[in-house]
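These notes concern the structure reproduced below.
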Amino acid sequence: MAAKYELKTRMASVPLTQPTEPNTPVAEALTSQEFTDLALGTEETRSSLEALSTAESTYLDVFPDCLIGSFAVPDKRDPLGDPVCFAFYLDKLHLIFIDEGDMCERVLHVVATSGVMKQMTTAHCLFEFMKQLTKDDLEYLADLEDHMEDEEEAMLDRCEDANSRRMLSFRRMLLRIDTYYQQLADMASVIAENESKILTHEESHLFSLFARQAERLLKRSQTLKEYSLQLRELYQTRIDIRQNDTIQWFTVITTLFAPLTLLTSWFGMNFQNMPGLDWEGSYYVVILVSLAITAGMLVFFRKKGWI
């Protein structure tokens with residue numbers, strides 16, 4: 001969805017077809033075809049932007065008179081799904097987002113209506129745009145940690161079985177989020193270096209602050225990633241314990257029947273001169289001995305805590 005904002009005394013929405021006054025900065029959200037029709041930049045920058053508009057990574061490229069880059073923002077409702085991808089073009093008078101969806105238009109609308117813009121420049125608008133992308137991320141990571149703690153409590157306190165697919169989804173989710181924050185921090189750091197001299201000193205400082213914020217989010221996600229590994233290890237430990245309990249149970253059963261098997265095998269030998277073979281009470285004696293052996297072994301196993 002296309003949108004256009006002029007950066008004068010305030011960030012004001014204007015019709016897309018309205019001509020822009022000379023030296024007036026603008027921020028726009030356009031489709032790739034609409035951006036091509038503007039014919040901004042060189043052929044090299046336009047071809048690079050065309051490739052970046054669908055790239056599933058957050059990336060920045062610096063040119064002598066402009067910056068171009070791409071965003072791949074994980075969807076918080078479905079972090080394992082496809083990220084929201086779009087590209088941008090920045091020079092001193094133009095901040096243009098190339099987006100086939102409506103995310104950039106929505107974020108620009110929030111920036112314009114919230115009144116956070118202190119300086120009406122394209123670089124400052126990009127800074128506020130990037131701040132909006134990470135606005136609620138600390139709360140999101142806190143909620144994710146709560147879900148992981150619920151899984152841990154279910155395994156430890158309530159002795160419930162964990163879901164291996166859920167354990168794996170935490171790991172994959174945090175890998176994607178970790179990659180996103182790493183790329184975002186790198187992008188902000190490169191912008192702050194101001195190699196092409198598009199930014200003022202104050203704007204460079206703002207992007208340095210944002211880079212540190214992205215690094216804090218990165219450290220938080222890395223902590224959660226380590227936590228997910230601990231949950232995975234806990235889950236594997238519970239599986240091992242269950243397997244050991246099963247093996248122990250079969251060992252107890254085997255041990256319990258071992259002397260009985262020996263007893264029946266011994267008295268199953270049909271020797272003619274075997275003592276007690278012709279005695280009427282021998283059958284009942286064998287039964288009593290078998291019961292006594294079984295009871296004794298059960299008492300022994302119980303004291304050892306094996307059953």
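- Formation of a donor-acceptor pair under 3.5 Å by the Arg212 side chain with backbone atoms of Phe207 is not found in this model.
- Glu128 places no side-chain N or O within donor-acceptor distance of the main-chain N or O of Cys125, the cut-off being under 3.5 Å.
- By the 4.5 Å heavy-atom criterion applied to side chains, Asp91 and His94 are counted as neighbours.
- Under the 4.5 Å side-chain heavy-atom criterion for ILVMFWY residues, no single connected hydrophobic cluster contains both Leu175 and Leu217.
- No side-chain donor-acceptor contact under 3.5 Å links Ser221 to the backbone of Ile177.
- Within the 4.5 Å cutoff, side-chain heavy atoms of Pro79 are placed close to those of Tyr140.
- Salt-bridge formation is not detected for the pair Lys92/Asp65: no Lys NZ or Arg NE/NH1/NH2 atom is positioned less than 4.0 Å from an Asp or Glu carboxylate oxygen.
- Note that the OG atom of Ser70 and the CZ atom of Phe97 stand 12.0 Å from one another [nearest 0.5 Å].
- A salt bridge links Glu145 with Arg220; the closest basic N to acidic carboxylate O contact falls under 4.0 Å.
- Tyr89 has its side chain out of reach of Leu95: every pair of non-hydrogen atoms, C-beta onward, lies at least 4.5 Å apart.
- Residues Pro25 and Met120 have side chains not in contact (no heavy-atom distance under 4.5 Å, counting atoms from C-beta outward).
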Going through the checks in order, is the ring-ring contact (aromatic ring centres under 6.0 Å, His included) test met by Phe88 and Phe129?
-> CA-CA 11 Å; Phe88 74 91; Phe129 183 95; 8.5 Å; no

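- Taking each heavy atom of Val26 and Thr20 in turn, the nearest pair found is CG1-CG2, 3.5 Å.
- Leu7 is not connected to Leu93 by any chain of hydrophobic side-chain contacts under 4.5 Å among Ile, Leu, Val, Met, Phe, Trp and Tyr, and they are in different clusters.
- Here the side chain of Lys4 pairs no donor or acceptor atom with the backbone of Leu30 at under 3.5 angstrom.
- When all heavy atoms of Arg176 and Gly81 are compared, the closest pair comes out as NH1-O, 2.6 Å.
- Taking the ring centroids of Phe71 and Tyr59, they lie at or beyond the 6.0 Å cut-off.
- Hydrophobic clustering (side-chain heavy atoms under 4.5 Å, transitive across Ile, Leu, Val, Met, Phe, Trp, Tyr) groups Val62 together with Ile191.
- Rounded to the nearest 0.5 angstrom, Leu60 CG and Glu193 CD are separated by 10.0 Å.
- Taking hydrophobic clusters as Ile, Leu, Val, Met, Phe, Trp and Tyr residues chained together by side-chain heavy-atom distances below 4.5 Å, Leu224 shares a cluster with Leu138.
- The hydrophobic clustering, which links ILVMFWY residues whose side-chain heavy atoms are closer than 4.5 Å, places Leu80 and Tyr181 together.
- Side-chain atoms of Glu203 and Ile198, non-hydrogen and from C-beta on, never get closer than 4.5 Å to each other.
- For the atom pair Met173 CE and Asp178 CG, the distance stands at 13.5 Å (nearest 0.5 Å).
- Inter-residue side-chain proximity for Glu28 and Leu16 is flagged as met; some heavy-atom pair is nearer than 4.5 Å.
- A 4.5 Å side-chain heavy-atom check between Ile98 and Phe86 finds every atom pair outside the cut-off.
- Not a single donor-acceptor pair under 3.5 Å links the side chain of Gln183 to the backbone N or O of Tyr180.
- Expressed to the nearest 0.5 Å, how far CZ of Arg216 lies from NZ of Lys219 amounts to 9.0 Å.
- Although no hydrogens or angles enter the test, the distance criterion places a donor-acceptor pair under 3.5 Å between the side chain of Asp99 and the main chain of Cys104.
- Proximity of a side-chain donor or acceptor of Thr121 to a complementary backbone N or O of His124 within less than 3.5 Å is detected.
- Put simply, CD on Gln230 and CE on Met148 are 8.5 Å apart, with the number rounded to the nearest 0.5 Å.
- Without hydrogens or angle criteria, Asn194 side chain to Leu199 main chain gives a donor-acceptor distance under 3.5 Å.
- Scanning both residues, Ala2 and Glu105, for their nearest heavy atoms gives O-CG, 4.4 Å.
- Phe170 has its side chain within reach of His147: a pair of non-hydrogen atoms, C-beta onward, lies under 4.5 Å apart.
- A side-chain donor-acceptor contact under 3.5 Å links Gln119 and Glu202.
- To the nearest 0.5 angstrom, Leu206 atom CG is 10.0 Å from His201 atom NE2.
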